[in-house]
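Structure first, commentary second.
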Amino acid sequence: MGQAYSQLTLEERRKIERWRHARVSVDEIAKTLNRHRSTIFRELRRNYFLDPELPDVKGYFAVAAQTRSSNRRTQQQKLIKFPDLCRRIVEKIKIGWTPEQIANRMIFENIQPRVCQETIYRYIYSETGMEQELWWYLPLHRKSRLPRRARKKLPSKFHRDVSILFRPEAVAHRSQFGHWEGDLMLFKQHFGQGNVTSLVERVSRFTVLLRNSSKHTNPVMKKIASAIGSLPFIARRSITFDRGTEFVSWPHLQSEIGTQAWFCDPSAPWQKGTVENTNRRIRRWLPRQINLKAITDHELKMICDRLNQTPRKCLGWKTPAEVFKEKMLEQAERTR
């Protein structure tokens, strides 16, 4: 993995100022500072000083650039942008609530605007938060925050043995029926935590859509188990997911209905391309901007039926419902 991006420092900006006055090229500046050339171009464009009242003073100046950058970052902070939200959060901190409790309670109450726990921690350890000594109200009373690398690394929720690298070739080549892909379709945050699980069988492209009230893993996985659990095992051999937190209770899926779970590599959703492609089709009727609460269960089923009853080129112009039925009958014949 590459290094995390860091903001340009005042010292770097002073060097840029000197070199620009000396007409050093952007590529040479980027190479010397070990920065991408786009970073330097962006810096020069965004922090170029130009004041109509001082027409003779224009160009790139390090101190002015540093001030502009700091002001932009301050304006982008939600807890400075929304003082009422900030006041409510500070009140909760002072009565002993942790940032995690505050952030998740706001989700539970569907408060808008809201912030995540990381934003609250950053505010606590910002200059403003330190002036209020908000750190004292935290459970461990740390006056300074531990660096990220010093924090305890939690073990992965996805065991190496369920990596897609170990998935059988029959699944990858679509030569065996009964292997699915699953994903979670999200919507605009201000509509709440409602979402839809999309499941697609890889051979037939048969689709199942399930409504969820939240991203919590236990109810999400229980709905999946309930939806496909009534199928014969040959029709629900495995499901491939990404590494979203909503799928961390995958062992229950295997223990309850015997369906194997496989997981894509981190940040590699293209490895479950069948469900990703299906999601793009579903977005015609369920765009991200829609309020899922306004969609009835009957309407959701109609969307699902429409997908399953539409001829597909990859199926020789058969519909997913037809192919799914054929495969089920074939498997039934073989087991007789």
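If you're wondering where the values come from, they're calculated on a predicted model, not measured in any experiment.
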Q) Are R35 and E12 ion-paired here, with the side-chain N under 4.0 Å from a carboxylate O? A) yes

(Q) What I want to find out is whether E201 reaches K327 closely enough, with some N-O distance under 4.0 Å, to be called a salt bridge. (A) no

**Q.** salt bridge (Lys or Arg N to Asp or Glu O under 4.0 Å) partners of K325, counting only residues at least two apart
**A.** none

**Q.** Single hit among N218, T217, V220 for side chain to side chain contact (heavy atoms under 4.5 Å, CB included) with V248
**A.** T217

Q: Would you please test D84 and R88 for salt bridge (Lys or Arg N to Asp or Glu O under 4.0 Å) and show each step?
A: CA-CA 6 Å; D84 289 340; R88 291 197 300 269; 5.6 Å; no

Q: Using modelled atom types only, decide if a donor and an acceptor are shared between the side chain of R205 and the backbone of V275 within a distance under 3.5 Å.
A: no

Q: Could I get the full list of side chain to side chain donor-acceptor pair (under 3.5 Å) partners for Q112, not counting sequence neighbours?
A: none

Q) Is the side chain of Q132 donor-acceptor paired with the backbone N or O of G129 at a distance under 3.5 Å, no angle test? A) no

**Q.** Counterpart residues, salt bridge (Lys or Arg N to Asp or Glu O under 4.0 Å), relative to R211 (two or more places apart)
**A.** D297

Q) When clusters are formed from ILVMFWY side-chain contacts under 4.5 Å, directly or step by step, what else is grouped with L315? A) V323

Q) Who are the ring-ring contact (aromatic ring centres under 6.0 Å, His included) partners of W136, not counting sequence neighbours? A) H141

Q) With sequence neighbours left out, which residue pairs that include part of residues 15-24 fulfil the side-chain hydrogen bond (donor to acceptor under 3.5 Å, both in side chains) condition? A) none

Q.
Check this for me, if you would: do E276 and R280 make a salt bridge, where the nitrogen-to-carboxylate-oxygen distance has to be below 4.0 angstrom?
A. no

Q: Kindly give the heavy-atom pair with the smallest separation between E256 and A225, and that separation in Å.
A: OE1-CB, 4.1 Å

Q: In plain terms, say whether K143 and E133 are close enough for a salt bridge, that is, a side-chain N and a carboxylate O under 4.0 Å apart.
A: no

**Q.** Between R167 and T240: side-chain donor-acceptor atoms closer than 3.5 Å
**A.** yes

**Q.** Under 3.5 Å: donor-acceptor pair, side chain of Q101, backbone of T98
**A.** yes

Q. Which heavy atom in K293 sits nearest to a heavy atom in F191, and how many Å separate them?
A. CE-O, 3.6 Å

Q. What about F324 and F177, are their ring centers closer than 6.0 Å?
A. yes

Q. Shortest non-hydrogen contact from V26 to F41?
A. CG1-CE1, 3.7 Å

Q | Lys/Arg-Asp/Glu bridge criterion (N-O < 4.0 Å) met for R122, E118 | A | yes

Q) More than 12 foreign heavy atoms under 6.0 Å from NZ of K222: is that the case here? A) no

**Q.** Salt-bridge contact D27-K31 (side-chain N to carboxylate O under 4.0 Å)
**A.** no

Q | Test item: L138 and P99 side chains (from C-beta on) under 4.5 Å apart, heavy atoms | A | yes

Q: For this output row, return yes or no: ring centroids of Y60 and Y48 closer than 6.0 angstrom.
A: no

